[in-house]
Every structure is written in C-alpha cells, then in structure tokens.
Amino acid sequence: MHNARRSLTALILGAALTLSGACEIETGAGAGTGTSGAEAPPPASAPASSGEAPCATRQDTGRAGSFDEAEFQEDLRTAENIVNGYWAKHWPQLFTGEYRPPRVVGLYEGGDPATSPACGGKPLERDNAVYCPAGDFVAWDDHLMRSGYPRGDAWVYLVIAHEWGHAVQNRLRRELVSPAAELQADCLAGGVLYGAADDGTLQFEAGDEQEIVDSFRVIGDGVPWTRPGDHGSAAERLRNFARGGQGGVRACFG
Ligand SMILES: [Zn+2]
C-alpha cells in the first residue's frame, strides 16, 4: 500500500513536471484537438495532448495558512468557470448531443437544515458536496470548502471538478456510467483539470499536485465527502484521479 501510494504520488508529480516544463504565461484557449463529429461512446484511449504548452494565469493562494476571503471566492468562481468551460468546449469531441451545464447552487450552509438547500426533499449535509439529479444542480458545503482551502486552492478545484463529473454522468447513457461512479467522477476530475491545463485555461503550479494528494489522504476520515464506503479509499481515489489526468476524460470510460 505504501509503495503504491508513493508511486502514485510520483506519477502525479511527474505529470505536473511535464505540464509545467514548457509553460509560459498566456491566457485564452489553446487549439482544440479537432476530433469533431466523434460519436459516443468514446474509445478507451485518449488522444495525446495537442502538444501546445499549457498555461494561463491562476493565482495560487492559501498555502500560508491565512484565509483570504476574496481569493477563496475568486477561486470558487474560477474553478466553476474552468470546469464548465472544459466540458462546453470538449463535449462535442467526446459525446453526442449538446452540453447542458448544471445549475450552480455553490456554497451552502449544511449545518442548518432550515436554510440548507434540499435535494429530493432532503436537506444537504454538512461537510459534503453534491450533484443533485433531482434539481440538476451542483453545490458544496461552506465548511467543507473552507476546511480544505488553507491547505491549498487545488482543493476547491478538485471538489468542483468531481461534482461536475457526476452531472456529466447523469447526462450520459447508463452503460457509460461506471458502477464505481465515485471513482469515475474522480477520474473525470483529473481528466478535466489536466485537460484544462492542456487547453491553457488552467495552470498547475508546483504545490498543486501535492495538495491534491494530501486532500485525498488527509481530509479522508469522518467527512461525508470522503467517506471511504461511499467513495473508495484515498489510494483508489488518487489512482483514478491520476488515470484521468494521464489519459484524459476518455480514459475514464471503458
Ligand atoms: Zn461523488
């Protein structure tokens, strides 16, 4: 187990080095890979990245332990926009039909059943984040997001990309959704975040991969969002995140 975890860490850090190697700061979309017209289901192997240098500006924040409210809110918005932008751009290359974004409820106060939003009549839990099929919305508990954020801003990107993955699953034919839906959502999160880096809409920085590794390991116990019975062990989750990161979204199917 320890060996596996170490090699996964190395894998994910290796991917980060590859991504940051040729990196210059630039904004805007990279070239699409141009496989328009592809029919679902996607093949098991993803095309290699377009070879363009990834990069765009993203402020890295929160590592010093102080909590910057404005940067926290900005990271939430940026993560939503980047994840949604990835799916909007790449959906036609991956699946048939049109991409429809889920509604973003965003932060909610899960501690108070009187005020927390409901999904299918049940108030959303504290320390969880959800995609709610009944309302077709994504939402994340305020305390969950804030508790992971001081470790690094990669946390909010991970949670948001994962929940968006569930929204995507809900739009697909049933047979494309893995029985291990949580691990597939982690894979999709990896595919989207690294894919956004390939597109140039997101820049990974040196500490980000370690933050993600730590998020899966440390947040782990006692929080609904990472309950191992629901989501798999930290090592499984990281392995699936890395699979998407290495192979792209297509690697999460089949
Ligand atoms: Zn999930």
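Counting convention: from 1, in listed order, for ligands and their atoms alike. Nothing fancy with the numbering, it's 1 onward along the sequence.
- Here the straight-line distance linking atom CZ of F95 with atom CZ of R173 works out to 10.0 Å at 0.5 Å rounding.
- For residues 101-123, no residue pair satisfies the ring pair (Phe, Tyr, Trp, His ring centres under 6.0 Å) rule, not counting sequence neighbours.
- With sequence neighbours excluded, the residues satisfying side chain to side chain donor-acceptor pair (under 3.5 Å) with Q184 are Q169.
- Salt-bridge annotation for E80 and R77: absent, with no side-chain N of the basic residue lying under 4.0 Å from a carboxylate O of the acidic one.
- Protein N/O/S atoms closer than 2.8 Å to the Zn ion (ligand 1): H162 NE2, H166 NE2, E182 OE1.
- Pairs passing the salt bridge (charged side-chain N to carboxylate O under 4.0 Å, His left out) check and including a residue from residues 105-121, sequence neighbours excluded, do not occur.
- Salt bridge D127/R146: absent, no basic N to carboxylate O contact under 4.0 Å.
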